[in-house]
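First up is the structure itself, then whatever we jot down about it.
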Amino acid sequence: MSITYLEAIREAQAHALRDDPRVFIYGQDVGAFGGAFKATKNLQKEFPGRVLDSPISEDAMIGLAVGTAIEGMRPIIEMQFADFSTVAFNQIVNQASTLFWRTNVPCPITVRLPFGGTSGSGPFHSQCLEAIYAHYPGLVVLTPATVEDAYSMLLSAVAIDDPVIFCEHKFLYYHLKAEKLPSEALPIGKARIAREGRDLTIVTYSAMVHEALAAADELATEGWQVEVVDLRSIKPLDTDTVVASVARTGRLLCVGEAWPWGGVTAEVIARVTAEGYGLLDAPPQRLNAKDTPVPYHPNLWAAHRPTARSVAAAARKLIRY
Amino acid sequence: MLQTVSESRTVGETQRVAYRFMLRARLLDDKFASLYRAGKIHGGVFLGRGQEALSAAIGVHLNKTDVFAPLIRDAAGRLAFGEPIIDAVRTYLGSSLGPMRGRDGNVHRGRPQEGYLPMISHLGAMISVVNGVLFARRMKGITGIVGVACLGEGATSTGSFHEALNQAAVEKLPLVLVVANNQFAYSTPTTSQFACSDLANKAIGYGVESHSVDGTDFSACMETVGAAIARARAGHGPQLVVATLLRLCGHGEHDDASYIAPEQKNSKLGRDCLKVAEDFLLKKEFADAAQIAVWRSEAIREIDEAVAQAQREPAPDPYEEKWSALSSEHLNELREES
């Protein structure tokens, strides 16, 4: 018996629907069809009237979610792909994220963004948008890297009284498996040491955690002990855990699948440099996707995003600095 | 507090109530314009001059349990929906005791949990939020309510308008979309805004019912808006109301509206709906001139008292302000910038 990352997301939604009558799901094809990725498979049958198909109107989907939140509901909105959430950008960053601050009325909506690259998906079904949402005040941005976190953090997301951008990585959907669902979890906002080491800290999140772990395995055969920090949550960002890790290793490599400009990796380096400058034995480095749209062909795609190989190469260079 | 329609009994009472809200809105707007010119208001001032008949007609046909998302020229509708004058004044003057506590200002005010939604500036964006409130209430089994979203003809060009009206139609929500075609979106004339011969025709494409009305005609506004709201309340799905009128002021008080041609101002479109309403009341003998004069002086007194009160109230204090956009305090990043 094992459960995939995708099944964990379905189970978390079933759990939330079962536990809380205020929860409902709204999105394109989420009803009888069960969603483009089957993240809501059978949920409409199991929870009649609470798993509802929307027209292809991302802006109106989030607007509606905000209205229901005002009425005390806790909607889960499925964006078919994170890329399409840009159509809802205005409602997310201007309506949902400002409501509490302006009016003192909380806006507990969860926006599920199936995100990140998979081979052959191309420029408009591969994007990583966590940084642009994290830029806006009033949003919580979560990026689970494991099956356990996918489950527990989605449950937390629904329970949070603020809009949560839940970034679930499509690359992890099917092949990432766990034996069982967790009964407890780290609190939201706490990073996790995914692997301990003393020579270098790699700070990363979501699918890149697995690339970083593979790189750490490779470097271990060369005698280097690499520490991997899985941020779990982009906003809030657990600076303390990151700085504590850098204090142990003296070297920082930030890895993100998103584009480089003004992103999460830049933010982490800014914080470590400002708060832990004296802890650094080498200039902090980062590795991101290339600054182009995400390419379609697997040869180009594999070179566009960081991989275990490119992470290992960057780590080696930094260790030898 | 003025009576609402449901409490009215005698002939002409609804019209009297609506007229009084129009009058109060006009006088309140005039006061804001004076305060603006005197430098007492930070940021913009946006008046509803010329739109009071339409706006009041909406407000008096709504119940407290309905939903209302007004736009920038709806002082009359806001008052009629139950907004106290002091809420409007506190928001314009930035009092920390107002509903927006100085965090937002002028026309960006409301009380969401009372079904009174505070607009964001992006046009068309409030419509789907009204849909959401109606959607949630339907899930809770609440029936017999309606939600009104107001917009101008300019907002009909937005993607949000399209998405939300279509969404309401698909879900058969009791939404009433009231479009005030005041001929100008800021300075842009209707010829650059849409190419259909009548905005009400847009309803056909969405599969919703539509109503057209002369927005300068008080009694027509009362009738048409009342009918549209009643249709939605009775379960006939979304209703589109298009009112034709002329904006009798600038986009905001910073704008002299010199782009509006004098011929247009002097046309029937440019007549003042407040005067039309007053004539109507007098002609029908729903009120006499003495009565109207009393209403006027009462409204002026109330407005002056509200302004005097709000001016004595504390301004927001940046040192007391909780600089947190999240309701979940434990998720705030509390690190101070160095």
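Letters A, B, ... mirror the listed sequences (proteins, then strands); counts begin at 1.
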Determine whether A:E71 and B:M139 make a side-chain contact, defined as any pair of heavy atoms from C-beta on separated by less than 4.5 Å.
-> no
At their closest point, which heavy atom of B:A125 faces which heavy atom of A:Q95, and how far apart are they?
-> O-NE2, 3.1 Å
Is there a donor-acceptor contact under 3.5 Å from the side chain of A:K235 to the main chain of B:N332?
-> no
CD1-CG distance between A:I70 and B:L117, expressed to the nearest 0.5 angstrom = 5.0 Å
Are side-chain heavy atoms of A:N104 and B:R101 found at a separation under 4.5 Å?
-> yes
Heavy-atom donor-acceptor pair, A:D162 side chain to B:S328 backbone, under 3.5 Å = yes
Under 4.5 Å from any heavy atom of chain A - which part of B:S324 = backbone
Part of B:R111 lying under 4.5 Å from any heavy atom of chain A | neither
Student check: side-chain heavy atoms of A:I160 and B:L331 closer than 4.5 Å | yes
Closest-packed option against chain A by number of heavy-atom pairs under 4.5 Å, given B:Q167, B:R109, B:H330 = B:Q167
Is there a side-chain contact between B:L326 and A:L139, using heavy atoms and a 4.5 Å cut-off?
-> no
Side-chain contact test, heavy atoms from C-beta onward, threshold under 4.5 Å: evaluate it for A:R102 versus B:I120 and give yes or no.
-> yes
So among A:C107, A:P163, A:P106, A:P108, which one has a side-chain contact (heavy atoms from CB on, under 4.5 Å) with B:S327?
-> A:P106
Among A:F100, A:W101, A:Y26, residue most engaged with chain B (heavy-atom pairs, under 4.5 Å) = A:W101
More than 12 heavy atoms of other groups within 6.0 Å of A:I56 CD1 = no
Going through the distances and angles, do B:S128 and A:Q91 end up as a side chain to side chain donor-acceptor pair (under 3.5 Å)?
-> CA-CA 10 Å; B:S128 58; A:Q91 295 286 12; 3.3 Å; yes
Is it the backbone or the side chain of B:I127 that comes under 4.5 Å from a heavy atom of chain A, or both, or neither?
-> neither
Please indicate whether B:Y186 has more than 12 foreign heavy atoms, meaning atoms of other residues, nucleotides or ligands, lying under 6.0 Å from its OH.
-> yes
Side chain of B:E163, backbone of A:D59: donor and acceptor closer than 3.5 Å?
-> yes
Segment of B:P118 engaging chain A (4.5 angstrom heavy-atom cut-off) | both
Enclosure of B:I86 CD1 (heavy-atom neighbours >12, cutoff 6.0 Å) = yes
Which atoms of A:I62 approach chain B - backbone, side chain, both or neither, heavy atom under 4.5 Å = neither
Heavy-atom distances under 4.5 Å only: say whether B:H108 touches chain A with side chain, backbone, both or neither.
-> both
Nearest atoms (heavy-atom pairs only) where A:D53 meets B:E171 = O-OE2, 4.2 Å
B:K140 NZ: over 12 foreign heavy atoms closer than 6.0 Å = yes
Tell me, do B:V133 and A:T68 make a side-chain contact under 4.5 Å, heavy atoms counted?
-> no
All heavy atoms of B:A325 vs all of A:G138, minimum pair found to be CB-N, 3.4 Å
Do you know which of A:P236, A:P187, A:A65 has the most heavy-atom pairs under 4.5 Å to chain B?
-> A:P236
Within a reach of under 6.0 Å around NE2 of B:H236, are more than 12 heavy atoms found that belong to other residues, nucleotides or ligands?
-> yes
Are the side chain of B:Q113 and the backbone of A:V105 linked by a donor-acceptor contact shorter than 3.5 Å?
-> no
At a heavy-atom separation under 4.5 Å, does B:E114 approach chain A through its side chain, its backbone, both, or neither?
-> neither
